[in-house]
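Numbers restart at 1 for each chain; the letters A, B, ... are given by sequence-line order, proteins then strands. Heavy-atom basis, side chains included; hydrogens, waters and symmetry copies ignored.
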There are 2 protein chains.
Amino acid sequence: MKSLPEKTIERLSVYRRTLLNCLAEGKEYIYSHEIANLHNITAVQVRRDIMLIGYSTTLKKGYNVRALIELIGDILDSPRGLNVAVVGIGNLGRAITAYFRGKRSRLQIVAAFDTDPEKINRVISGVKCYSMNDLQQIINEKQIPVAILTVPPDYAAKVSEALVYSGIKGILNYTSVPVNVPSDVVLENYDMITSLEKVAYYVKQKLGDNSKVSYEE
Amino acid sequence: MKSLPEKTIERLSVYRRTLLNCLAEGKEYIYSHEIANLHNITAVQVRRDIMLIGYSTTLKKGYNVRALIELIGDILDSPRGLNVAVVGIGNLGRAITAYFRGKRSRLQIVAAFDTDPEKINRVISGVKCYSMNDLQQIINEKQIPVAILTVPPDYAAKVSEALVYSGIKGILNYTSVPVNVPSDVVLENYDMITSLEKVAYYVKQKLGDNSKVSYEE
DNA sequence: TAAACAATGTTATTCTTTTAACAATAAATA
DNA sequence: TATTTATTGTTAAAAGAATAACATTGTTTA
Ligand SMILES: NC(=O)c1ccc[n+]([C@@H]2O[C@H](COP(=O)([O-])OP(=O)(O)OC[C@H]3O[C@@H](n4cnc5c(N)ncnc54)[C@H](O)[C@@H]3O)[C@@H](O)[C@H]2O)c1
Ligand SMILES: NC(=O)c1ccc[n+]([C@@H]2O[C@H](COP(=O)([O-])OP(=O)(O)OC[C@H]3O[C@@H](n4cnc5c(N)ncnc54)[C@H](O)[C@@H]3O)[C@@H](O)[C@H]2O)c1
């Protein structure tokens, strides 16, 4: 499979979630424009994404939901699932862990790490919390290739170094500071403030600096 | 000011956060390549972004950090700051609220909304929680143009409708389902699962499906 | 001071992503 | 059955974003 556009990868993940909901509602077939409407995008884009992953149907009754879900799974999922660690099990770490818990996903949070003695060796939001001292050992034992980074900003750089050293292959960084990793480690940064500032910017743009905000309906 | 590329807006937000850190460390000037290195991007891109916002310096001693921060502020911030509401003050809502609390930002979370009687009329993570019944009234009174949506997925659609009806101009949607809003409302969706699946996908790609993961250093 | 260097500002090019155009064809309808 | 319609699949064009190329100009160094 030639490499897919990054944006397509993102959308496939989103499509799948929607498709699973459709299936839960008993919907077995879905049109490209239905998928599109659900996501505020165009039907052409949906069809193009689906073309790129090599699915096609001779029917004009829409796509087979099950088949599509399965195919997306072939692309996104690893055959035996993927183990994930949460590093820094504070407010955000716990929220994330609680969120993933009980999801029938291929992504399993199998360990948490922290430096707080109160947390170490306890089960938090359903996940065992280990000491940062045991990072490398546990990552090896449990075969964890991906980590979610939710430590305080001041520790982000050091901790990400430790993760890389311990053999982590991908980091999802939720701290508000950038981290550096070698080029063979996949890094995804996400920052809530940036998202919010972006929304604020476009709201400001739309309202126009002169016009007064109206809160009346 | 002609409209800036969306990606530039995102980076400006990130730059600013880094620049504020620099200033806190007493650094008054910064080179484009220093900014670039901090964020794993190229110096050209930094310079281009800075060009687009109309800043320039005749000096070859880097950019004036204060001036840059101020200019980014002129672009991103609204003059009197921006009030934000968190809707659904559960695990994620509380984490976000706690996170924003005490930040000297132009973005202030000034209200939370929930349906849980246990939460209504209490102060949670430093923010007063109101009943969803008072949504429109409070949004008007407190002049809140932006909402962060963190209700359970099943309620996301209805609640976002209520938000739009109440006069909200921008929504940052953290629920795992897509929501629909009129075209004059700014919508930003973010999904943690998608981010994680993306990391997982690229990790899988890099490792190659055949090669065995090595956790040894 | 002159030459080399290092940094910025900007235009041109390349690459990625989205959108448009349209051919093919199953399904619905007259 | 013939015609119209709706839907998919694919190529072509446009738009958006990143990178490269390079001119300009302070600064440093010989
Ligand atoms: N809470 C949010 O919604 C939110 C949003 C955006 C970004 N963030 C970022 O996420 C990070 C965590 O936020 P939070 O609100 O959960 O903070 P928190 O203080 O509640 O949690 C941080 C956790 O990390 C642990 N920790 C500290 N040093 C550590 C180390 N060296 N190794 C491992 N664990 C360590 C702490 O013991 C604590 O449990 C911060 O960087 C914050 O900027 C949080
Ligand atoms: N926890 C996470 O890290 C995380 C990550 C990604 C996405 N999400 C999504 O964020 C949302 C919230 O997750 P959570 O873990 O905080 O869930 P949660 O159950 O802890 O919190 C949901 C809150 O919303 C309130 N609520 C329910 N119905 C409401 C309504 N109609 N109006 C207003 N408030 C209402 C509940 O009382 C509760 O306080 C979910 O949609 C979830 O899919 C959460």
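Computed from coordinates, the A/Asp49 CG to C/dT16 P distance equals 16 Å when rounded to whole Å. For the pair A/Glu6 CD and C/dT18 C1', the interatomic distance rounds to 15 Å; values are reported in whole Å.
In the set D/dT27, C/dT8, C/dA28, the nucleotide with an atom closest to the side chain of B/Ser32 is C/dT8. For B/Arg48, taking side-chain heavy atoms from C-beta onward, the closest of the listed nucleotides C/dT8, D/dT19, C/dG9 is D/dT19. The side chain of A/Pro5 lies closest to C/dT17 when the candidates are D/dA17, C/dT17, D/dG9. Distances from the side chain of A/Tyr31 to the nucleotides C/dA7, D/dT7, D/dA21 place D/dT7 closest. Nearest nucleotide to the side chain of B/Tyr63, out of C/dA27, D/dT11, C/dT8: C/dT8. Comparing C/dT8, D/dT8, C/dT18 by their nearest atom to the side chain of B/Thr57 picks out C/dT8.
Residue contacts for B/Thr8: at a heavy-atom cut-off of 4.0 Å it reaches no nucleic acid atom on any strand shown.
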Given side chain to side chain contact (heavy atoms under 4.5 Å, CB included), test B/Tyr99 with A/Leu92 step by step and report yes or no. CA-CA 9 Å; B/Tyr99 173 60; A/Leu92 185 57; over 6 Å; no

Please lay out, stage by stage, how A/Ile9 and A/Leu76 fare under the test side chain to side chain contact (heavy atoms under 4.5 Å, CB included). CA-CA 8 Å; A/Ile9 296 297; A/Leu76 295 185; 3.9 Å; yes

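Residues A/Thr194 and B/Arg17 have side chains that bring a donor and an acceptor to within less than 3.5 angstrom of each other. Using modelled atom types and a 3.5 Å distance limit, the side chains of A/Tyr155 and A/Thr175 yield no donor-acceptor pair.
On a pure distance criterion of 3.5 Å, no polar donor-acceptor pair joins the side chain of B/Arg47 and the base of C/dT10. For A/Lys60 against C/dA26, a side-chain-to-base donor-acceptor contact under 3.5 Å is absent. No N or O donor and acceptor, one from the side chain of A/Lys7 and one from the base of C/dT17, sit under 3.5 Å apart.
Between A/Val44 and B/Ile30, it is B/Ile30 whose nearest contact on DNA chain C lies nearer the 5' terminus.
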